Amino acid sequence: MRDPARLVDVIAGRIGPQAVFRIAPVDSHVPERAVARSDPTGMPGNWPAWQRPIRLFARPEPLSRVIALMPDQPPRRFEWRGRTYKVVAGDGPERVHGEWWRRDAEVWAVRDYYRVEDEEGGRFWVFRRGDGFEDDTGDLSWWMHGVFG
């Protein structure tokens with residue numbers, strides 16, 4: 001197998017070194033903190049076995065008009081970016097707690113993540129803030145955090 005370093009150098013010379021990178025895993029419970037840019041020719045670390053979307057948004061986007069049975073069911077319907085989605089399958093929740101050792105504001109933070117599929121075959125990674133029982137854990141708002149292939 002050929003060494004990709006020369007190709008990386010050529011591409012970086014044309015589009016800029018900051019535009020060529022590899023995604024590497026970072027030890028974090030919070031999904032948006034669990035990846036970082038790294039050297040494109042370096043060896044990648046070990047990825048967790050959890051299923052994560054191909055495209056993870058840097059900032060989750062709010063969902064509106066969500067219909068879901070509480071406390072542990074995925075949404076059955078939601079609106080995102082001006083379009084309505086009807087969910088036909090869902091899996092979850094995967095509970096993610098805030099990293100209290102980083103920030104005091106995350107001591108009680110809870111996110112319940114769901115993998116959902118709509119009637120057109122789109123697959124999304126959505127979460128609800130809060131556990132549905134304690135007010136301090138979140139406001140029960142729904143968010144889109146990524147899309148699967």
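The model shown is predicted, which means the values in this text are computed figures rather than measured ones.
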> Using the benzene-type ring in the case of Trp, are the ring centres of F127 and H145 under 6.0 Å apart?
Replying inline: yes
>> Can you confirm whether more than 12 heavy atoms, excluding those of R22, are under 6.0 Å from its CZ atom?
In response: yes
>> Membership question, hydrophobic clusters at under 4.5 Å side-chain separation (ILVMFWY): are I15 and V8 in the same one?
In response: yes
> How far apart are the C-alpha atoms of R77 and E119, what are their side-chain angles, what is the distance that settles it, and do they pass the salt bridge (Lys or Arg N to Asp or Glu O under 4.0 Å) test?
Replying inline: CA-CA 10 Å; R77 177 199 173 283; E119 59 191 351; over 6 Å; no
>> Just so I know, are the side chains of S64 and W80 near enough to count as touching, which here means a heavy-atom distance under 4.5 Å?
In response: no
> Looking at side-chain heavy atoms only, is the closest gap between Y113 and V126 below 4.5 Å?
Replying inline: no
> Which heavy atom of P74 sits nearest a heavy atom of G90, and at what distance?
Replying inline: CG-CA, 4.1 Å
> Do you know which two heavy atoms are closest between V26 and A36, and how far apart they sit?
Replying inline: CG2-CB, 3.5 Å
> Which one of D139, D112, V110 satisfies the side-chain contact (heavy atoms from CB on, under 4.5 Å) criterion with R129?
Replying inline: D139
> Quick one: are V116 and P75 in side-chain contact, heavy atoms under 4.5 Å?
Replying inline: yes
>> According to a hydrophobic-cluster definition based on side-chain heavy atoms being under 4.5 Å apart (Ile, Leu, Val, Met, Phe, Trp, Tyr only), do F124 and W143 belong together?
In response: no
>> One pair to check against salt bridge (Lys or Arg N to Asp or Glu O under 4.0 Å): E79 and R81. What are the steps and the verdict?
In response: CA-CA 7 Å; E79 289 184 13; R81 294 182 176 176; over 6 Å; no
> How long is the span from the NZ atom in K86 to the CD atom in E120, to the nearest 0.5 Å?
Replying inline: 11.5 Å
> Is W101 reachable from W108 through a run of hydrophobic residues whose side-chain heavy atoms are each under 4.5 Å from the next?
Replying inline: yes
> Taking side chain as C-beta onward, heavy atoms only, is D131 less than 4.5 Å from E134?
Replying inline: yes
> If Ile, Leu, Val, Met, Phe, Trp and Tyr residues are connected whenever their side-chain heavy atoms lie under 4.5 Å apart, and connections chain through other members, are Y85 and V147 in the same group?
Replying inline: yes
> Can you check whether V66's main-chain N or O pairs, donor with acceptor, with R76's side chain at less than 3.5 Å?
Replying inline: no
> What are the two closest heavy atoms between P31 and V96, and how far apart are they?
Replying inline: CD-CG1, 4.3 Å
>> Please report whether the ring centroid of H29 lies less than 6.0 Å from that of W100.
In response: no
> Given the rule that I, L, V, M, F, W and Y join up when any side-chain heavy atoms are under 4.5 Å apart, are V35 and F21 in one cluster?
Replying inline: yes
>> Under the criterion side-chain contact (heavy atoms from CB on, under 4.5 Å), I'd like the reasoning laid out for I67 against F78: C-alpha separation, chi angles, the key distance, then a yes or no.
In response: CA-CA 7 Å; I67 296 175; F78 61 87; over 6 Å; no
> Do F148 and R115 touch side chain to side chain, with heavy atoms closer than 4.5 Å?
Replying inline: yes
>> Let me confirm one number: the CG-OG1 distance from L7 to T41, rounded to the nearest 0.5 Å.
In response: 11.5 Å
> Side-chain contact, heavy-atom cut-off 4.5 Å: N46 with P25?
Replying inline: no
>> Between E99 and R111, is the salt bridge (Lys or Arg N to Asp or Glu O under 4.0 Å) condition met? List the steps.
In response: CA-CA 12 Å; E99 295 177 331; R111 293 181 185 174; over 6 Å; no
> How about W142 and Y114: are their ring centroids closer than 6.0 Å?
Replying inline: yes
> Does V87 reach the side chain of E117, with side-chain heavy atoms less than 4.5 Å apart?
Replying inline: no
